[in-house]
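Have a look at the structure below, then the notes.
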2 protein chains.
Amino acid sequence: MKNTRQKITDAAIEIFNEDLSAPLEAVAEKAEVTRRTLHRYFTDRQDLLLACQEAMQESCKKAIGDVYTSYSDPLERFENMLYAAIDCGVKFSFLHRMHNNDHHQHTTKNENCNNYDVTFNKFKSTVAELQRKELITKELSAEWIEMLCAGIVTAAINSEKSGNVAKINIKKFAWYSLSKGILV
Amino acid sequence: MKNTRQKITDAAIEIFNEDLSAPLEAVAEKAEVTRRTLHRYFTDRQDLLLACQEAMQESCKKAIGDVYTSYSDPLERFENMLYAAIDCGVKFSFLHRMHNNDHHQHTTKNENCNNYDVTFNKFKSTVAELQRKELITKELSAEWIEMLCAGIVTAAINSEKSGNVAKINIKKFAWYSLSKGILV
DNA sequence: TCTAAATGTCTCATTTTTGAGAAAAAAGTC
DNA sequence: GACTTTTTTCTCAAAAATGAGACATTTAGA
């Protein structure tokens with residue numbers, strides 16, 4: 001059961017992901033509520049946007065965090081982190097984009113940035129571990145691998161949306177491309 | 001020497017890529033002209049957006065087309081198409097996104113869609129050729145490979161923007177990941 | 001240097017978006 | 001069924017964005 005507040009933030013994430021300055025009317029429409037209702041939950045655009053950030057953080061933190069603690073084998077862990085990220089869908093890719101675009105200045109002083117770092121450092125440390133154990137190539141920098149992961153997750157999400165790739169294959173393909181693309 | 005019209009479309013592509021409904025003031029500012037000047041070249045947002053599409057089409061068509069005719073070896077061609085796409089930068093990724101999002105219904109009846117198809121079919125036919133010759137795996141569908149290419153190009157562009165990956169390495173990394181990720 | 005074209009400044013009227021009050025309608029709860 | 005909570009409808013005023021006219025200023029080229 002999704003409450004109204006969640007319905008609105010979910011809709012907002014979808015809409016803002018495609019068009020950051022879309023009128024709030026569009027968000028309300030997608031959430032199937034009136035603009036008036038939306039404004040009862042969120043005073044303004046900024047407020048809503050912050051709630052979206054929180055929702056995305058929360059989702060990703062939980063999904064990635066669960067996997068992180070469930071697998072001790074780093075390769076298995078890495079694979080399942082990819083799947084978790086794909087399951088987070090737009091929440092993952094939008095969040096990544098928000099913290100890696102021009103205007104955003106990433107700083108440890110910002111609560112949101114810290115939250116982001118907590119989640120994404122789990123990715124990074126796993127990559128680092130794999131590189132240390134020489135399970136993935138050292139020819140690629142860790143930063144590139146991070147970007148690559150985000151790019152592949154985006155590809156997976158777009159594939160699902162477009163409907164041109166069978167849903168059951170998406171994760172398989174994504175892992176195939178990612179693993180071969182970085183393993184030694 | 002870039003003329004004003006180009007300066008504005010270039011700025012618009014950058015801005016709209018990040019925020020489709022950004023105020024035209026933001027575009028003017030990026031282009032270092034007044035909003036008044038912008039409006040002398042483009043009657044309204046729609047008009048500007050169409051000009052952006054054309055500019056993106058043109059750029060990609062030329063870049064990809066040149067490579068397509070220059071290399072007879074499909075693998076070499078494919079590699080250089082990737083580099084060309086990366087050089088197109090946002091023009092490539094934004095264009096791809098425009099033709100693969102929810103609202104857009106891709107149809108051969110639309111001039112723009114046709115233009116897009118002309119360019120992207122060169123990608124697709126090369127992939128098909130590589131698969132026929134068993135140079136790339138048949139485990140992955142052509143549609144996935146297309147999405148993957150776009151994802152990797154996006155990763156390359158983001159890497160360049162972030163400055164976290166040395167510029168000289170970006171193309172090397174991208175090709176490393178793409179080739180290993182799909183070759184047999 | 002003179003002139004035509006391009007751009008900027010200032011201004012204005014419209015339209016769109018935004019945020020919220022008040023009361024009716026609908027949905028839950030006991 | 002009576003009561004509470006939530007949502008909608010209708011409304012409005014303020015703010016922001018849009019598109020363009022009139023004229024000053026700058027720029028580029030003969």
Side-chain angles (χ1 to χ4, degrees), chain A residues 1-56 58-59 90-91 94-95 97-98 101-105 112, chain B residues 1-56 58-59 90 94-95 97-98 101-105 111-112:
Chain A
M1 249 335 80
K2 241 199 278 187
N3 65 30
T4 307
R5 200 189 158 84
Q6 281 172 276
K7 266 188 1 191
I8 295 170
T9 50
D10 283 356
I13 289 166
E14 290 290 329
I15 295 286
F16 290 158
N17 178 52
E18 286 191 349
D19 182 357
L20 197 60
S21 295
L24 299 180
E25 183 76 54
V27 176
E29 204 172 345
K30 181 133 202 161
E32 297 178 294
V33 293
T34 42
R35 198 164 55 80
R36 190 64 190 84
T37 300
L38 185 153
H39 274 297
R40 219 167 252 123
Y41 286 91
F42 306 97
T43 59
D44 58 21
R45 178 182 225 87
Q46 196 54 32
D47 189 25
L48 175 54
L49 213 48
L50 283 173
C52 289
Q53 286 230 43
E54 262 176 63
M56 294 190 288
E58 205 49 47
S59 258
V90 169
K91 290 200 184 79
F94 189 20
L95 185 62
R97 192 146 42 80
M98 291 205 83
N101 76 4
D102 295 340
H103 316 291
H104 180 74
Q105 74 279 30
N112 258 318
Chain B
M1 245 343 74
K2 240 198 280 187
N3 66 31
T4 306
R5 202 189 156 82
Q6 283 172 276
K7 266 190 356 193
I8 295 170
T9 49
D10 283 355
I13 289 166
E14 290 290 329
I15 295 286
F16 291 158
N17 178 51
E18 285 192 348
D19 182 357
L20 197 60
S21 294
L24 299 179
E25 183 77 52
V27 175
E29 204 173 345
K30 181 133 202 162
E32 297 178 296
V33 295
T34 45
R35 198 163 55 83
R36 189 66 190 82
T37 299
L38 184 152
H39 274 297
R40 251 186 220 111
Y41 286 90
F42 306 97
T43 59
D44 58 19
R45 177 183 225 87
Q46 194 54 30
D47 188 25
L48 175 54
L49 214 47
L50 282 172
C52 289
Q53 286 231 41
E54 262 176 61
M56 294 191 288
E58 204 49 48
S59 257
V90 170
F94 189 19
L95 185 61
R97 192 146 41 83
M98 291 205 83
N101 76 4
D102 294 340
H103 314 293
H104 180 74
Q105 73 279 34
E111 173 83 22
N112 258 318

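Chain A is the first sequence line, chain B the second, and so forth, proteins listed ahead of strands; every chain is numbered from 1.
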Within the 4.5 Å heavy-atom criterion, are A/Asn112 and A/Leu50 side-chain neighbours or not?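 Side chain of A/Asn112 against side chain of A/Leu50, heavy atoms only: contact under 4.5 Å found.
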Do B/Met98 and B/His104 come close enough that some side-chain heavy atom pair is under 4.5 Å?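 They are not in contact (no side-chain heavy atoms under 4.5 Å apart), so the answer is no.
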What distance separates [X] [atom1] from [Y] [atom2], expressed to the nearest 0.5 Å?
X       : Y       : atom1 : atom2 : value
B/Leu24 : B/Phe16 : CG    : CZ    : 5.5 Å
A/Gln53 : A/Ile13 : CD    : CD1   : 9.5 Å
A/Leu38 : A/Arg5  : CG    : CZ    : 10.5 Å

What heavy-atom pair brings [X] and [Y] nearest, and what distance separates the two atoms?
X       : Y       : value
B/Leu95 : B/Met56 : N-SD, 3.9 Å
B/Ala51 : B/Thr9  : CB-CG2, 3.8 Å
B/Ala31 : B/Ile8  : CB-CA, 3.9 Å

Could you check how far [atom1] of [X] sits from [atom2] of [N], rounded to whole Å?
X       : N      : atom1 : atom2 : answer
B/Arg45 : D/dT18 : CZ    : C1'   : 10 Å
A/Leu38 : C/dT18 : CG    : C1'   : 11 Å
B/His39 : D/dA17 : NE2   : P     : 12 Å

Which residues share a side chain to side chain donor-acceptor pair (under 3.5 Å) with [X], sequence neighbours left out:
X       : value
B/Glu18 : A/His103
B/Thr37 : B/Thr34
B/Gln6  : B/Asn3

Quick one: list whatever passes side chain to side chain contact (heavy atoms under 4.5 Å, CB included) with B/Lys30, sequence neighbours left out.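 Testing B/Lys30 for side chain to side chain contact (heavy atoms under 4.5 Å, CB included), a comparison that skips the adjacent residues, returns B/Ala11, B/Glu14, B/Ile15.
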Table please: side-chain donor-acceptor pairs of residues 40-48 of chain A below 3.5 Å, with sequence neighbours left out.
| from | atom 1 | to | atom 2 | distance (Å) |
| --- | --- | --- | --- | --- |
| A/Asp44 | OD1 | A/Gln46 | N | 3.3 |
| A/Asp44 | OD1 | A/Asp47 | N | 3.0 |
| A/Arg45 | NH2 | A/Leu20 | O | 3.4 |
| A/Arg45 | NH2 | A/Ser21 | O | 3.2 |
| A/Arg45 | NH2 | A/Ala22 | O | 2.4 |
| A/Asp47 | OD2 | A/Thr43 | N | 3.0 |

Contacts to DNA chain D from residues 15-29 of chain B, heavy-atom cutoff under 4.0 Å, which residues?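 Contacts with DNA chain D under 4.0 Å: B/Pro23, B/Leu24.
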Contact list please: residues 47-54 of chain B against DNA chain D, heavy atoms, distance less than 4.0 Å, in numerical order.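 Going residue by residue through residues 47-54 of chain B, none turns out to have a heavy atom under 4.0 Å of DNA chain D.
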Only counting residues at least two apart or in another chain, list the ones meeting salt bridge (charged side-chain N to carboxylate O under 4.0 Å, His left out) with A/Glu25.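 Residues passing salt bridge (charged side-chain N to carboxylate O under 4.0 Å, His left out) with A/Glu25: A/Arg35.
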Output one line per pair: protein atom, nucleotide atom from nucleotides 25-30 of chain D, and distance, for all N/O pairs under 3.5 Å.
none

Polar atoms only, N or O, under 3.5 Å: list the protein pairs with nucleotides 3-11 of chain C and their distances.
| from | atom 1 | to | atom 2 | distance (Å) |
| --- | --- | --- | --- | --- |
| C/dT7 | OP1 | B/Thr4 | OG1 | 2.1 |
| C/dT7 | OP2 | B/Tyr41 | OH | 2.2 |
| C/dG8 | OP2 | B/Thr34 | N | 3.2 |
| C/dG8 | OP2 | B/Thr34 | OG1 | 3.0 |
| C/dG8 | OP2 | B/Thr37 | OG1 | 2.4 |
| C/dG8 | O6 | B/Arg40 | NH2 | 2.5 |

End-to-end bend of the helix from C/dT1-D/dA30 to C/dC30-D/dG1 (five-pair axes, 10° rounding)?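 Answer for the end axes of this duplex: 40°.
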